[in-house]
Amino acid sequence: MKAARSVGGELAYEPSDASPRLVAYSVLALLAGIVISGVIVAGVLWLVTPSPPAIVPLSPPAAQLPPPPRLETTPEADRLQIEAKAQAMLGGYAWVDNAKGRVRVPIERAMKLLEEQGWPDAQGGGAQ
């Protein structure tokens, strides 16, 4: 190994070391290679990527209705209508099976009949 040269009394680099100019050119060449590689990759991706499909609207035209079931537009009114129908069924009289003599009676009346006559059982006892 050679001894270090002194320039003006200070130690300088060894003559066997790489030239600073050569190191700078190598770094620039490396950076240029990275940029060129990126451009090549971008070009290949541009060539192999299919074109995007035509834009399709997310909602159907106003004249065309979607298939059922549809969303509720007025849930409060729908709920009130369902509850009114249920109350009419629970609070009114109607035939369930006319041939067998079965009727629908209001809940309060059914509870009183059950209290008076007892629970119908398979042996024929109780209310019929």
Side-chain angles (χ1 to χ4, degrees):
M1 197 154 142
K2 296 182 181 178
R5 283 192 200 163
S6 65
V7 177
E10 292 183 28
L11 291 178
Y13 64 90
E14 293 185 21
S16 63
D17 286 343
S19 160
R21 182 175 293 154
L22 180 62
V23 171
Y25 286 149
S26 299
V27 169
L28 287 176
L30 182 64
L31 291 176
I34 290 172
V35 169
I36 291 171
S37 297
V39 169
I40 290 172
V41 168
V44 169
L45 285 176
W46 180 76
L47 288 174
V48 299
T49 303
S51 62
I55 296 175
V56 178
L58 295 178
S59 61
Q64 179 183 2
L65 289 175
R70 293 187 181 88
L71 296 176
E72 293 180 326
T73 56
T74 56
E76 180 68 22
D78 293 343
R79 182 184 59 83
L80 292 174
Q81 181 182 8
I82 291 170
E83 287 178 357
K85 188 177 177 181
Q87 283 299 328
M89 284 183 71
L90 293 174
Y93 292 91
W95 285 101
V96 175
D97 188 354
N98 196 4
K100 293 184 179 179
R102 294 187 180 199
V103 294
R104 181 174 48 237
V105 296
I107 292 178
E108 296 297 324
R109 176 71 177 133
M111 289 172 41
K112 286 182 183 177
L113 286 173
L114 190 58
E115 181 183 350
E116 293 170 3
Q117 299 175 3
W119 189 261
D121 55 5
Q123 288 79 22
Q128 300 255 347

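Predicted, not measured: the structure shown is a model, and the values here were computed from it. Any value given below was found using the heavy atoms of this structure, including those in side chains, with hydrogens, waters and symmetry copies removed.
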>> Quick check: is Met111 connected to Leu90 through a chain of hydrophobic side chains (ILVMFWY, heavy atoms under 4.5 Å apart)?
In response: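 Yes: a chain of side-chain contacts under 4.5 Å links Leu90 to Met111.
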For [X] against [Y], the heavy-atom pair lying closest together:
| X | Y | value |
| --- | --- | --- |
| Tyr93 | Arg109 | OH-CG, 3.9 Å |
| Val96 | Val103 | CG2-C, 3.8 Å |
| Pro106 | Gly91 | CG-O, 3.5 Å |

>> Quick check for you: to the nearest 0.5 Å, what is the distance between Met89 atom CE and Ile107 atom CD1?
In response: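 Those atoms lie 10.5 Å apart.
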> Considering residues, nucleotides and ligands other than Arg70, do more than 12 of their heavy atoms fall under 6.0 Å from its CZ?
Replying inline: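 Enclosed.
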>> Does Glu115 have more than 12 heavy atoms from other residues, nucleotides or ligands lying within 6.0 Å of its CD?
In response: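 It does not: Glu115 CD has 12 such atoms or fewer within range.
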> So does Arg79 pair up with Glu76, basic N to acidic O under 4.0 Å?
Replying inline: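 So Arg79 pairs with Glu76 through a salt bridge.
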